[in-house]
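Working notes, structure below.
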Amino acid sequence: MIRIIYIFISIFIFSLSGTYASSEHESANSHEEKFDASSMIRHHIGDSHEWHVFDLGGESYAIPLPIILISDGQLEIFLSSNFVGGHHGPKTYGSYVLDHEKISSTGKVVYDFSITKNVASMFLAVILLLIVMFSVKAGYKANRGKAPKGIQSFFEPVIVYLRDEVAIPNLGHNYAKYMPFLLTIFFFILFNNMLGLIPTGANASGSVYFTIILALITAVVVNFSGKATYWKHIFMPPGVPLWLYPMIVPIEMLGIFTKPFALTIRLFANITAGHIIILSLFSFIFVFNSFAVAVPVAIFATLMTFMELFVAFLQAFIFTMLAALFIGTAVEEHHEEHH
Amino acid sequence: MIQEFVSQGLGLLFWNSITFLAVLLILAKFAWKPIMGSIKERENTIADALNAADKAKADIANLQAENEKMLEVARQEREKIVREAQAVANNLVAEAKEKATQESNRLIESAKVIINNEKHAAILEVKNHAAVLSVEIAEMLVRRSLNNDGSQTQLVQEYINEAKMN
């Protein structure tokens, strides 16, 4: 439901900003630099080689991030601040050209392993995650056998909920083996979602590359823990007449790939849509260039941020829930007896 | 197209996979394992404590039931003893009454005998006295009428005889 609302609002706002952008195009050069909502939004939800913080007096203030390149087998590491050039146009450093967040070099094959803004944000989330979870663990050591205290009492209900409502119903007696994976994926997504909500923050969990990896790892876990029953269901579906096999088996096989695809798109689209809505709301202020617009925008943006906070939990939970469900169907045994 | 797509996000793809797997391993070994273990341990402790409390409650209930039963038995015992004691006491009283009646009857009997004896003795004595008195009277009479004719003597004789016959 929330997703449908998101999609409608984003389509509406995108169409607004699109018409604005096109009208701006016609009257180009009349003003020196006019606000372009759609490029601003695209810039904010996309990845970047530097951590842009704010603009002041035409100057862009950004935290430089390490650029790691493998060009023609050579490893090159330098800071993004080395790139020099115009504000919007391509920037250069040596033979490398940074244009629209893409690094190329004439005559060389460049693989870009840079610590981009999303990677840096993800590292930050991981550091936070490790600090938090290690202090939770320390709590268990300190209050052994006693009621939880402090940060421990905040995370314990979440952990117990994931165990009792996600892992055990889906995985049954196998749950203990997959608990570390489910807990890690839940908190990893949650912390990245939360960091994405902080202004000037990155959009790591709203990046399709981020969600692809998580979905692929989940798919690996699912298929590698698949028992005979799971594979039999795919290649020899029980209760299906033989002449239907040419139709059913490819569909079942496709299911192996559609599951991680659905996981990828769901998380990516939900987080990105939320960011687009908030950015679009703020764009109104600059589009109309008026304080009167700023008041309702601030109210709506606050409401949206609360909704985003909820979605941050919800999507982390849904991803974990579906991962548990997929693993559950893969490790299930003796299924035919119930038919 | 795929190559273009992948090369766009190569950095994030690469670092994210490495980081996620590293975090998974680190947390699994150093955080999730002890955390889940501790939660489980505490839950077991709580479950055990609750079970023990339930058992203690059941024990107490049993004990109470037993006590009640014992009390009931004791009460019945007491009633029985009281009843028996009352019966014994009643018997004793009845026996005592019986004995007393017998004793009094016996006393009355013996008193009657004694009274009879006394009466006979008294009568005898009266008779003797009467005889003596009569003799004395006769003596006096005789002395007076020694010179009297024999008819008077005869009369005295008659009286004495009459007295003897009594």
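Below, read A as the first sequence line, B as the second, and so on, with proteins coming before strands; counting in each chain starts at 1.
With a 4.5 angstrom heavy-atom cutoff, A:F181 touches chain B via backbone and side-chain atoms both. Neither the backbone nor the side chain of B:I46 comes within contact range of chain A; no heavy atom of the residue lies under 4.5 Å from a heavy atom of that chain. Contact of A:M122 with chain B is made through the side chain alone, with heavy-atom distances under 4.5 Å. Only the side chain of B:F14 comes within less than 4.5 Å of a heavy atom of chain A; its backbone N, CA, C and O stay farther away. Looking at B:Q8, the atoms closer than 4.5 Å to chain A (heavy atoms on both sides) sit in the backbone and in the side chain alike. Interface remark: A:F188 contributes side-chain atoms only to the contact with chain B (heavy atom separation under 4.5 Å).
A:V126 has its side chain out of reach of B:F20: every pair of non-hydrogen atoms, C-beta onward, lies at least 4.5 Å apart. Within the 4.5 Å cutoff, side-chain heavy atoms of A:L183 are placed close to those of B:M36. A:R163 is listed as a side-chain neighbour of B:I39, based on a closest heavy-atom distance under 4.5 Å. In this structure, A:I68 and B:W15 have side chains that are in contact, with non-hydrogen atoms separated by less than 4.5 Å. Residues A:L130 and B:L27 form a side-chain contact, since some pair of their non-hydrogen atoms from C-beta on lies under 4.5 Å apart.
Interface remark: of the candidates B:S17, B:A22, B:G37, B:S7, B:S17 forms the most heavy-atom pairs closer than 4.5 Å to chain A. Interface remark: of the candidates A:P180, A:A204, A:A147, A:P180 forms the most heavy-atom pairs closer than 4.5 Å to chain B. Ranked by non-hydrogen atom pairs under 4.5 Å with chain B, the options A:L129, A:I115, A:V208, A:V160 are led by A:I115. Looking only at heavy-atom pairs under 4.5 Å with chain B, the residue among A:R144, A:K137, A:K141, A:Q152 that has the most is A:K137.
With a 6.0 Å radius and a threshold of 12 heavy atoms from other residues, nucleotides or ligands, A:Q74 has its CD atom at or below the threshold. No more than 12 heavy atoms of other residues, nucleotides or ligands sit less than 6.0 Å from atom CD of B:Q3. Within 6.0 Å of CZ in A:F317 there are more than 12 heavy atoms belonging to other residues, nucleotides or ligands.
Between A:F187 and B:W32, the angle of the ring planes stays under 30°, which puts this pair in the parallel group of the 30/60° scheme.
In this structure, the side chain of B:N16 does not engage the main chain of A:I213 through any donor-acceptor pair within 3.5 Å. Judged by distance alone, with hydrogens and angles left aside, the side-chain atoms of A:Y209 form a donor-acceptor pair with the main-chain N or O of B:F5 at under 3.5 Å.
B:R42 and A:Y140 make their closest contact through NH1-CE2, 4.0 Å (heavy atoms, listed as atom of the first residue, atom of the second, distance).
Annotation: the span from B:L21 atom CG to A:I217 atom CD1 amounts to 4.5 Å, rounded to 0.5 Å. Here CD of A:E156 is found 9.5 Å from CD1 of B:I35. Values are rounded to the nearest 0.5 Å. To the nearest 0.5 Å, the span separating CZ on A:F113 from CG on B:L12 amounts to 12.0 Å.
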